Number of protein chains: 2
Amino acid sequence: MLRPTSFDVAERAGVSQSTVSRALRNSPGVNAETRARVAAAARELGYVVDRHASSLRLKSSETIALVTICRPGEDRSAINPFYFALLGSIAAATSARGFNLLVSFQESAANFRADFVASGLADAMIVIGTTSNRTAWDFFAEAQAAGLGFTCWGSPGDPFHWMRSDNGIGGRLAAEHLIAGGRRRLAFIGPQRSPQRQFDERRDGFTAAATARGVTPILAEPPAASDRHAQGVAAARDLLARHPDVDGIFAASDMLALGVLQGLKETGRSVPGDVALIGFDGIRAGTLADPALTTLEPDLDAAGEALVAMALEDTGFRRSGTRIPVRLVARGSA
Amino acid sequence: MLRPTSFDVAERAGVSQSTVSRALRNSPGVNAETRARVAAAARELGYVVDRHASSLRLKSSETIALVTICRPGEDRSAINPFYFALLGSIAAATSARGFNLLVSFQESAANFRADFVASGLADAMIVIGTTSNRTAWDFFAEAQAAGLGFTCWGSPGDPFHWMRSDNGIGGRLAAEHLIAGGRRRLAFIGPQRSPQRQFDERRDGFTAAATARGVTPILAEPPAASDRHAQGVAAARDLLARHPDVDGIFAASDMLALGVLQGLKETGRSVPGDVALIGFDGIRAGTLADPALTTLEPDLDAAGEALVAMALEDTGFRRSGTRIPVRLVARGSA
DNA sequence: CTGTCCCGTCAAAGCGGTTTCCTGCGTGAC
DNA sequence: GTCACGCAGGAAACCGCTTTGACGGGACAG
């Protein structure tokens, strides 16, 4: 018998099929003895509830769709590892609720696949990989036109549900840490106008805290390059050429910071001896760098949990713009 | 109207519901003009096929379940980035076939969730994250007891479907590259008895090729430590203490190699000046190291495609033990 | 002894598609 | 003019589960 149905279980347990359903779902109105008999029959037959039949009837699939937006033509191994970490924490949060996670990577504006909710496959959709990603705006536009709802990591603004790292606090912590370490010639390296303002927030928090302590940071826009790492290398070279006495750098992201680190070494600077360096995101690769990268690490467990909760519209997370707490992890570089 | 059904489309197009189904699935026996009218009606109503109803009837969900096995209690950010890369390529392969991907991380042998196929949620299951992971064997045992079928990245042996990197060739390429670079005092750093023999294969390929060229490598088992990176650091120290004249190292994986790199630097060795270093896996972090890590990179696109094909039992992939080609990517470290 | 209530169970009606079976009608052969 | 044929499309069965509504029988009150 291929895949026993609830009718098979019913026959074996000597009850009706509806009783099987009630017994297995712990619905009320089933005698304890009957319930046990059904459970035994189900176990013996290796019965597993058909999720399609169940979801069809219940109109709920207990599944969340996770869409990760990539740059067009981007090799998947080039995706910022931060998003893989976020994926992992979202998976943990869904799994903790007994939900399934449907994962999809999308890189082309041409054929976005976003009907996961409309087709019933998922109860809600989460979108990540959007920060400073132009493709993301195409996706937002498509979604809005289609009346699609989702929860998003980033700052797309209304009418979407979204949240992000507490970038402002992160920037402040970076400034405080560098200054507490005796650094006074500070610089921020990062995009000066990011589509979703995530980097702007980091910069502004950094600048405000530094200024309050009498230091005015240099703001350096990284030159165009193939990826963040390459941008970081070039940005470090440029910056040190123009401001050789910089002694503390806050980079807008870890990938950028790892590039900056390499650029600093190439120009003969020692880290943290000559220049202290702080990144943002807490990616694993930062711990492997030499020296290990000091960084601002968002609480990913909280982020995953909050994204899932907001997606499922649990109370307390309906308001967009929630900030995920960030802590400074001091390692070798600063 | 919440979620139009095919009946709504039928009414609007002035045809029966069964014709709508036929028209939208491109089944034969529908007049071209009628087909167009149905398509228009569907578009106007924003109709999307309910995947549960469809899957229920078709007994196929066009979905693949991907289970990633983690070490118990392991933080998800500690998962070897290689598996995230593999996840990405599997996602690409499923997406290319119009399939969905259900992702699940499992860390405890106690409550494995593996009924994705039995419940109809997925048509097939792929398991990764098993290499040198003890938890994996619990999973295999459970699966076998439950008569569960799946395709696996690793070498669990019969009765499972599985494939892995062409480890032997990789080992040989590493030896050849080091020797071609003038290295003669070679060492292999890695587990000497790995549960699935993946590392053994790398070692044996390395040793055989080196021996054929008159070089007998030192074999170094890394000491126990919190993770592969830490193991690498310690292994490098140990090795150089006992064999100060080693000038070429092949590490069993990139994570290990990155640790070895750090260990080498700490003991004052320059890389590749004093010691050349090669890793295995082609992870992104290797490109960020200083110097960038020379590595053996499996063709991940091929791996993802082959895993999906084997899982769906496409012809030509039924035989377990398929080897995914590996190429040597020469970067700074060797 | 009869009427009422409640508990446990069952039959059956969906959920929204896909597909089989069948009918109606236009075409061409004889 | 009649008949066979084939195409387009409709009615209905069915996928496996959840849940409503109905029912039988035992307990209890009157």
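What you see is a predicted model; the values in this text were computed from it and never measured. Per chain, numbering begins at 1; letters A, B, ... match sequence-line order.
Distance check, rounded to the nearest 0.5 Å: CG of Leu102(B) to CG of Leu101(A) gives 7.5 Å.
Closest heavy-atom contact between Gln196(A) and Ala136(A): NE2-CB, 4.4 Å. The minimum heavy-atom distance between Arg71(A) and Thr135(A), with the atom names listed, is CA-OG1, 4.1 Å. For the pair Tyr83(A) and Gly129(A), the tightest heavy-atom approach, listed with the atom from each and the gap, is CE2-N, 3.2 Å.
The salt bridge (Lys or Arg N to Asp or Glu O under 4.0 Å) check on Asp299(A) picks up nothing, with sequence neighbours excluded.
Nearest to the side-chain atoms of Arg57(B) among the listed nucleotides dT18(D), dA13(D), dG21(D) stands dA13(D). Here the nucleotide nearest the side chain of Thr34(B), chosen from dA11(D), dA8(D), dT19(D), is dA8(D).
Atom C1' of nucleotide dG9(D) and atom CD of Gln17(B) are separated by 12 Å, given to the nearest angstrom. With rounding to whole Å, Asn31(B) atom CG is found 7 Å from dA8(D) atom C1'. The CZ-C1' distance, from Arg22(B) to dA12(D), rounds to 12 Å in whole Å. Summarising the geometry, the separation between CZ on Phe7(A) and C1' on dT18(D) is reported as 11 Å, rounded to the nearest angstrom. As rounded to whole Å, 13 Å separates atom P of dG9(D) from atom CG of Leu24(B).
Defined by atom type and a distance below 3.5 Å, a donor-acceptor pair is missing between the side-chain atoms of Asp301(B) and Ser89(B). No side-chain donor from either of Arg197(A) and Ser155(A) sits under 3.5 Å from a side-chain acceptor of the other.
No engagement by Val20(A) is indicated, since no non-hydrogen atom pair under 4.0 Å with the nucleic acid exists. Backbone-only engagement by Leu58(A) is indicated by non-hydrogen atom pairs under 4.0 Å involving sugar-phosphate atoms exclusively. Within 4.0 Å of Val30(A), counting heavy atoms only, lie sugar-phosphate atoms of the nucleic acid but no base atom. Counting any heavy atom pair closer than 4.0 Å across all strands shown, Ser55(B) reaches no nucleic acid atom. Contacts of Ser6(A) with the nucleic acid, taken as non-hydrogen atoms under 4.0 Å apart, involve only primed sugar atoms and P, OP1 or OP2.
In terms of position along DNA chain D, the nucleotide closest to Glu33(B) lies nearer the 5' end than the nucleotide closest to the other residue of the pair Tyr47(A) and Glu33(B).
Along DNA chain C, the stretch of nucleotides lying under 4.0 Å from any heavy atom of chain B spans, 5' to 3', dG16(C) to dT20(C).
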